[in-house]
4 protein chains.
Amino acid sequence: MDGTGPDPGRRNPRSRDRILQATRELVTDHGFGALSIEAIAARAGVGKQTIYRWWPGKGAVVFDAILAANENPAGRIDLPDTGDIDADLRTVLRATVAEFADPVFSAPLRALYVELLTDPALAADYRARLEGPMTEAKLRRLRGAQAAGQIDDDADLDLVVDLLYAPLTQRWLLGTGPLDEEFADRLVAAALRAARPGQ
Amino acid sequence: MDGTGPDPGRRNPRSRDRILQATRELVTDHGFGALSIEAIAARAGVGKQTIYRWWPGKGAVVFDAILAANENPAGRIDLPDTGDIDADLRTVLRATVAEFADPVFSAPLRALYVELLTDPALAADYRARLEGPMTEAKLRRLRGAQAAGQIDDDADLDLVVDLLYAPLTQRWLLGTGPLDEEFADRLVAAALRAARPGQ
Amino acid sequence: MDGTGPDPGRRNPRSRDRILQATRELVTDHGFGALSIEAIAARAGVGKQTIYRWWPGKGAVVFDAILAANENPAGRIDLPDTGDIDADLRTVLRATVAEFADPVFSAPLRALYVELLTDPALAADYRARLEGPMTEAKLRRLRGAQAAGQIDDDADLDLVVDLLYAPLTQRWLLGTGPLDEEFADRLVAAALRAARPGQ
Amino acid sequence: MDGTGPDPGRRNPRSRDRILQATRELVTDHGFGALSIEAIAARAGVGKQTIYRWWPGKGAVVFDAILAANENPAGRIDLPDTGDIDADLRTVLRATVAEFADPVFSAPLRALYVELLTDPALAADYRARLEGPMTEAKLRRLRGAQAAGQIDDDADLDLVVDLLYAPLTQRWLLGTGPLDEEFADRLVAAALRAARPGQ
DNA sequence: GATTAAGCGAGACGGTACGTCGCGTCTTCCA
DNA sequence: TGGAAGACGCGACGTACCGTCTCGCTTAATC
């Protein structure tokens with residue numbers, strides 16, 4: 001499975017950082033169109049081969065660029081827990097709305113989505129390394145609410161996560177409606193209504 | 001509105017049909033990667049210029065290819081209405097699940113989504129000419145259910161549409177979970193729970 | 001041989017003139033590169049078909065444009081004849097030098113040469129309708145000089161014409177040397193020296 | 001001299017040779033019309049960019065193809081010198097007549113002439129790298145004849161070169177007369193008559 | 001300390017597709 | 001029915017990137 005790739009110990013971390021930095025800058029400043037391997041290599045002052053040596057393609061570079069930017073020293077993501085699931089979800093979804101509105105965050109992510117749609121291997125990686133941990137954190141918080149009796153014991157928590165986030169993502173990607181705090185709040189209310197105790 | 005484009009009266013409808021047909025065939029048989037303007041032109045037996053004359057780019061061609069395939073002589077889409085909103089929505093969402101599973105339907109649509117993410121003008125067109133009418137049909141059916149007392153009078157119907165469809169679309173695009181009739185049913189149940197009368 | 005072409009009686013002379021005029025203007029003002037059938041038709045306010053109906057190609061149009069500009073009502077060209085062949089040839093060659101220096105004359109002619117090199121049929125037409133009569137006029141004048149004893153009776157007059165004009169044309173086309181009145185004079189002197197009486 | 005172009009040290013000589021070879025083959029076998037950058041690239045098994053990287057255009061490629069075919073290891077061209085200028089020039093002009101009659105030689109050259117007429121930069125290159133050295137060789141031989149008293153000391157040798165070659169080239173390009181050994185001989189005789197000693 | 005085997009910057013290479021231009025043919029509609 | 005207009009199938013243009021490759025050069029690990 002491995003052994004065939006190059007020795008990571010020999011990798012130049014300086015080049016890696018410059019590549020990921022250049023990727024973020026390009027996509028933020030000049031849009032998706034400007035994002036080519038050649039442009040990344042040129043801006044990073046790096047040979048193209050150095051990119052192809054460590055990543056299978058443009059999508060993987062963008063993915064790592066996003067991961068590197070969001071790097072969490074603690075290693076584990078957790079949603080806030082004030083004991084009030086309603087307020088906590090509102091906080092989190094409002095934060096997500098704010099991120100979608102910020103090009104520094106959303107431009108690379110949108111570029112990543114484009115690649116995800118056409119590259120199943122990359123999509124699997126995305127689910128495993130980004131979507132998975134995030135969903136797990138959300139599920140943990142919802143399980144806490146469940147234990148606290150704020151959510152029905154039989155509620156389908158995976159579905160609740162979908163109800164909370166899919167509409168948000170869809171509006172961001174397609175612009176099918178306003179994407180503001182009010183929408184975040186209504187989404188939280190609706191999702192919790194669907195999952196409230198006593199069915 | 002424009003007046004700058006070429007005279008549509010001079011357009012050769014035979015070429016138009018062959019282009020849209022070729023587009024559907026290419027994307028269904030050989031995937032997104034095979035979908036280039038050159039490939040479409042070659043398969044359709046048409047000059048590239050004939051494509052560029054009538055469409056601004058690949059995305060617009062794919063869009064028209066999808067619209068032409070779904071062309072409804074009646075002109076107006078309507079959801080089934082048996083009087084039972086729960087059953088009707090299950091029917092419709094199960095049908096959507098089936099469509100997503102059918103490459104003839106889903107392959108061109110996925111190609112369209114890729115273009116939508118990078119082309120705001122195309123996205124606006126998509127919302128106006130495809131997403132809009134579909135959403136309107138869904139809203140009509142939900143309003144009927146509201147009048148019949150199956151949905152709360154104060155329910156936010158736009159939000160209900162999002163709750164029903166966004167999770168479906170997301171699972172289709174990213175593969176974040178199983179996409180089957182059971183999921184459709186649970187989605188309908190959850191959305192209706194969030195909107196049921198008496199808050 | 002004919003009968004297949006369109007009836008010349010029905011031809012619109014106004015269109016013809018505008019096409020030839022547009023051809024001259026384009027090549028003079030914007031160079032060879034600007035000379036396309038499409039550009040001629042557009043500038044002349046004429047349909048492309050009208051050009052293709054009456055000319056086989058771009059070269060033939062340029063040829064007619066040049067012929068029309070040099071149209072001689074008398075129909076017959078004649079070199080000056082003062083009785084002094086030396087002076088007369090100098091006059092004529094100096095005039096040719098001046099023409100080559102004038103873009104209004106030389107730009108269309110250069111465009112014609114380009115076509116001549118790649119189109120044998122056009123070249124044949126050129127020899128018959130332009131080069132032939134001109135050479136004939138030159139030969140007439142040389143024969144007069146022969147009769148007057150200024151040129152050897154056995155001189156090869158065709159060759160003399162070549163000696164006089166080919167170097168001129170070559171310098172004009174390739175820029176292989178200065179092209180001025182002094183060169184014209186030296187050319188005349190040399191050609192006459194090669195043909196002078198008493199061998 | 002430039003410094004702006006790509007590093008010639010990195011150039012693949014194998015590709016260069018195949019491009020020039022393909023150019024000669026195309027123009028000889030299929031005529032000028034078949035000579036497109038795309039056709040050259042295809043026949044040479046080379047990317048188009050590899051041509052555009054090293055040559056500014058089709059004309060320059062043809063030029064190099066001709067130069068490469070005529071490559072002289074000695075580096076310096078010289079006309080035969082038997083001591084008899086008349087005989088030597090006849091030999092050389094007869095050889096030129098033969099070359100013009102041989103498509104392997106004349107087809108690429110004719111293609112080059114077409115380009116020369118429309119590209120001043122290429123024409124300058126042609127004069128410097130092909131016409132110049134050839135003319136210089138001819139002048140050397142004529143100077144030898146001058147020293148031997150076969151040509152007048154005051155003769156304008158540049159003009160003699162023009163008298164010898166321009167009529168030949170003109171007949172070849174335009175077909176304005178027979179182009180055979182007899183014509184070559186007459187040309188030599190006339191030019192030498194114009195330059196013979198004692199005026 | 002010398003050797004050696006990566007990684008690396010650079011960029012040429014064979015390709016594919018781009019979006020544009022002009023070709024010569026055709027069709028439509030007007031005078 | 002000639003002509004203005006221009007759509008059409010086609011082929012070539014010159015450019016942008018793709019992913020692979022081949023160069024010297026550093027640079028770290030091994031002898």
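Quick caveat, the model's predicted, so the values are computed rather than measured. Proteins come first, then strands; the chains are lettered A, B, ... in the order of their sequence lines, and each starts at number 1.
In terms of heavy-atom proximity, A68(C) sits nearest to L20(C) at CB-CD1, 3.8 Å.
Where R53(D) and A42(A) each meet DNA chain E at their nearest nucleotide, the meeting point lying more 5' is that of A42(A).
Shown for residues 11-27 of chain D: residues whose heavy atoms fall under 4.0 angstrom of DNA chain E, namely R11(D), N12(D), S15(D). Contacts between residues 107-124 of chain D and DNA chain F, defined by a heavy-atom separation below 4.0 Å, involve no residue at all.
Using modelled atom types, one finds no donor on one side chain facing an acceptor on the other under 3.5 Å when comparing R18(A) with Q21(A).
Looking at heavy atoms from C-beta onward, R16(C) lies out of side-chain contact with W54(C) at the 4.5 angstrom threshold. A heavy-atom distance below 4.5 Å is found between the side chains of L112(B) and L122(B). For the pair R10(B) and R53(B), the minimum side-chain heavy-atom distance is 4.5 Å or more.
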Step-by-step side-chain contact (heavy atoms from CB on, under 4.5 Å) determination, Y52(C) to I37(C): CA-CA 9 Å; Y52(C) 284 110; I37(C) 296 279; 3.7 Å; yes

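As judged by a 4.0 angstrom heavy-atom cut-off over every strand, W54(A) is placed among residues touching the sugar-phosphate backbone only. Using a 4.0 Å heavy-atom criterion, one finds that G9(D) contacts no nucleic acid atom at all.
Between the T118(D) side chain and the E115(D) main chain, a donor and an acceptor come within less than 3.5 Å of each other.
For DNA chain E, the span of nucleotides reached by chain C at under 4.0 Å from its heavy atoms goes, 5' to 3', from dG22(E) to dC26(E).
Residues passing the side-chain hydrogen bond (donor to acceptor under 3.5 Å, both in side chains) test with R129(B), sequence neighbours excluded: D64(B), D125(B). Shown here are the side-chain contact (heavy atoms from CB on, under 4.5 Å) partners of A111(A), two or more places apart in sequence or in another chain: V27(A), F32(A), L35(A), V62(A).
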Annotated protein contacts, base or backbone, on nucleotides 17-25 of chain F with a non-hydrogen cut-off under 4.0 Å, one of B, S, - each: BBBBB-B--

